[in-house]
Visitor: 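Here it is, the structure, as structure tokens.
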Amino acid sequence: MTAAVSQVLDRVLVLEMVRVTEAAAIAASTLVGRGDEKAADAAAVEAMREALNSLYMDGTVVIGEGERDEAPMLFIGEKVGSAIGKGPKIDIALDPLEGTTICATAGPNSLAVLAIAEEGGLLNAPDVYMDKIAVGPGYPEGIIDLDKTPTENINAVAAAKGVPARDLIVCVLDRPRHEKLIAELRQVGCGIMLIGDGDVAGVIATSDPETTVDVYMGSGGAPEGVLACAALRCVGGQFKGRLLFRNDDERGRAAKWGITDLDKQYDLSELAKGDCIFAATGVTDGSLLAGVKRKKGKMTTESVVMRASSGTVRWVKGEHRTD
């Protein structure tokens with residue numbers, strides 16, 4: 001179902017979102033392969049915050065770098081924009097450097113990522129794990145379900161696609177916690193694409209036939225789940241997510257941000273509601289975007305920006321003078 005056009009988001013130009021992610025990606029790119037995750041992340045955060053504060057909006061960070069006592073800027077609840085108290089009210093989900101380890105080691109698929117929606121449009125997810133499953137467009141509604149086993153989900157997707165399970169490719173984060181999941185998927189016979197980091201790109205990959213990824217499965221950060229859902233709202237697909245809590249402190253953080261049903265299975269439209277804009281710029285080369293390239297006197301960037309109400313996807317190549 002196409003999202004209704006937001007008059008609020010019309011006042012925040014789509015290409016301005018690209019300018020924000022470009023700024024973060026360029027800043028982080030100076031530290032690609034330098035082995036310093038914190039420095040790369042800090043550079044991206046500072047650049048993204050400066051770019052956001054130049055925009056005419058009353059923005060609130062609902063997915064960010066942590067709570068006030070954990071991050072000096074772009075923390076959850078921080079107000080950004082040049083028109084706080086008078087401009088259009090915007091919810092912002094961001095990851096200035098998706099894949100900090102990837103960036104530090106010059107690996108693939110490091111991104112600067114941003115999503116916006118009208119106030120109340122993005123779930124204020126706490127910084128905890130989320131169990132996730134996602135597929136791209138073209139499947140019957142409800143084809144995936146976290147209450148089903150991985151085998152049941154794979155068989156359902158394979159049947160809907162009209163192929164045997166062994167023809168499917170499943171993207172999974174390469175983590176010890178996924179050993180049982182990987183073993184079950186191997187038993188089913190499908191292919192597995194293991195990624196070291198960057199599950200926003202992993203979820204989005206299900207919507208792009210060029211990646212050959214059919215399904216995303218496994219647990220990763222809840223904030224990244226919301227960001228990925230904003231993108232899927234724009235290009236089509238299905239997503240299910242359930243927050244995972246390891247202790248009472250994490251449950252308390254969820255309650256602080258208004259989450260009362262701790263066992264709820266969230267649908268795509270519950271994590272990212274209404275009209276959304278999603279933007280990403282490559283920091284390093286990856287399956288979705290090329291990374292920042294430096295040449296004599298200039299830099300080049302590659303970005304994608306999507307909007308839910310129009311279903312529009314724009315690929316933006318930027319050239320930036322460095323003199």
Side-chain angles (χ1 to χ4, degrees), residues 20-52 61 63-67 69-76 93-114 127-130 171-179 182 192-205 211 216 218-225 227-228 246 279-304 318 320 322-323:
V20 173
T21 55
E22 282 178 343
I26 289 170
S29 71
T30 62
L31 290 152
V32 168
R34 270 59 172 188
D36 193 336
E37 298 178 16
K38 290 184 178 180
D41 188 55
V45 168
E46 185 172 357
M48 182 172 279
R49 184 174 187 256
E50 183 177 350
L52 285 169
V61 177
I63 299 290
E65 291 292 290
E67 298 178 28
D69 58 348
E70 296 175 354
M73 58 182 71
L74 295 185
F75 51 80
I76 298 172
L94 52 85
D95 192 344
L97 186 56
E98 151 84 344
T100 54
T101 301
I102 292 172
C103 179
T105 58
N109 285 319
S110 184
L111 304 169
V113 182
L114 172 72
D127 189 11
V128 299
Y129 282 123
M130 175 184 279
C171 183
V172 181
L173 272 175
D174 190 5
R175 296 289 188 273
R177 64 179 180 269
H178 290 147
E179 286 181 1
I182 292 169
I192 300 174
M193 179 184 291
L194 292 174
I195 57 174
D197 208 345
D199 65 343
V200 171
V203 171
I204 296 172
T211 67
Y216 179 91
S219 61
E224 288 82 357
L227 279 162
R246 294 171 294 183
T281 300
V283 178
T284 61
D285 288 344
S287 58
L288 182 66
L289 295 165
V292 178
K293 301 290 190 300
R294 282 179 164 72
K295 304 174 183 178
K296 186 176 180 179
K298 66 180 181 180
M299 291 180 294
T300 59
T301 56
E302 188 170 292
S303 306
V304 61
H320 313 264
T322 58
D323 57 354

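Throughout, numbering of the chain's residues begins at 1 and tracks the sequence.
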Visitor: Measuring only between side-chain heavy atoms, which start at C-beta, is Asp174 closer than 4.5 Å to Val172?
Guide: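 They are not in side-chain contact.
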
Visitor: Once side-chain contact (heavy atoms from CB on, under 4.5 Å) is applied, do any residues pair with Ala44, and if so which ones, sequence neighbours excluded?
Guide: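 Testing Ala44 for side-chain contact (heavy atoms from CB on, under 4.5 Å), a comparison that skips the adjacent residues, returns Ala24, Ala28, Pro96, Leu97.
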
Visitor: For Ser29 and Arg294, run side chain to side chain donor-acceptor pair (under 3.5 Å): C-alpha distance rounded to whole Å, both residues' side-chain angles, the deciding distance at 0.1 Å, then the answer.
Guide: CA-CA 9 Å; Ser29 71; Arg294 282 179 164 72; 2.7 Å; yes

Visitor: Work out which heavy atom in Val113 is nearest to a heavy atom in Met48; give both atom names and the distance.
Guide: O-CE, 3.8 Å

Visitor: Could you tell me which non-hydrogen atom of Met193 sits nearest to which non-hydrogen atom of Thr211, and how far apart they are?
Guide: CE-O, 3.9 Å

Visitor: Using the test side-chain contact (heavy atoms from CB on, under 4.5 Å), find all partners of Glu302 that sit at least two apart in sequence or belong to another chain.
Guide: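 Leu289, Ala290, Lys317.
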
Visitor: Are any of the side-chain heavy atoms of Ile63 and Leu94 separated by less than 4.5 Å?
Guide: no

Visitor: Quick one: OH on Tyr129 to CD on Glu224, what's the gap to the nearest 0.5 Å?
Guide: 10.0 Å

Visitor: Which residues pass the side-chain contact (heavy atoms from CB on, under 4.5 Å) test with Ala42, sequence neighbours left out?
Guide: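 Partners of Ala42 under the side-chain contact (heavy atoms from CB on, under 4.5 Å) test: none.
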
Visitor: Minimum heavy-atom separation for Ala47 to Ala27, with atom names?
Guide: CB-CB, 3.7 Å

Visitor: Report yes or no: does His178 contribute a side-chain atom to a donor-acceptor pair with the main-chain N or O of Leu173 at less than 3.5 Å?
Guide: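 Answer holds: yes.
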
Visitor: Quick one: which residue pairs count as a side-chain hydrogen bond (donor to acceptor under 3.5 Å, both in side chains) with a foot in residues 280-289, not counting sequence neighbours?
Guide: Thr21-Thr281, Asn109-Ser287, Thr281-Ser303, Asp285-Lys293

Visitor: Looking only at heavy atoms, which two atoms of Ile195 and Tyr216 are closest? And how far apart?
Guide: CD1-CE1, 4.5 Å

Visitor: Might you point out which heavy atoms bring Val283 and Cys103 nearest each other, and give the distance in Å?
Guide: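 Answer, listing the atom of Val283 first, then Cys103: CG1-SG, 4.1 Å.
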
Visitor: Going through the distances and angles, do His320 and Thr301 end up as a side chain to side chain donor-acceptor pair (under 3.5 Å)?
Guide: CA-CA 8 Å; His320 313 264; Thr301 56; 2.9 Å; yes

Visitor: Filter on salt bridge (Lys or Arg N to Asp or Glu O under 4.0 Å), then keep only pairs touching residues 26-51, sequence neighbours left out; what's left?
Guide: Arg49-Glu78

Visitor: Which residues pass the side-chain contact (heavy atoms from CB on, under 4.5 Å) test with Ala222, sequence neighbours left out?
Guide: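 Residues passing side-chain contact (heavy atoms from CB on, under 4.5 Å) with Ala222: Ala125, Val128, Met130, Leu243.
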
Visitor: For the pair Ile192 and Ile182, evaluate side-chain contact (heavy atoms from CB on, under 4.5 Å) and give the outcome as yes or no after the intermediate values.
Guide: CA-CA 8 Å; Ile192 300 174; Ile182 292 169; 3.8 Å; yes

Visitor: Which residues pass the side-chain hydrogen bond (donor to acceptor under 3.5 Å, both in side chains) test with Glu98, not counting sequence neighbours?
Guide: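 None.
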
Visitor: State, with a plain yes or no, whether a side-chain heavy atom of Pro223 is found less than 4.5 Å away from one of Asp95.
Guide: no

Visitor: Does Leu111 form a side-chain contact (heavy atoms from CB on, under 4.5 Å) with Ile102? I'd like the steps, not just the answer.
Guide: CA-CA 9 Å; Leu111 304 169; Ile102 292 172; over 6 Å; no

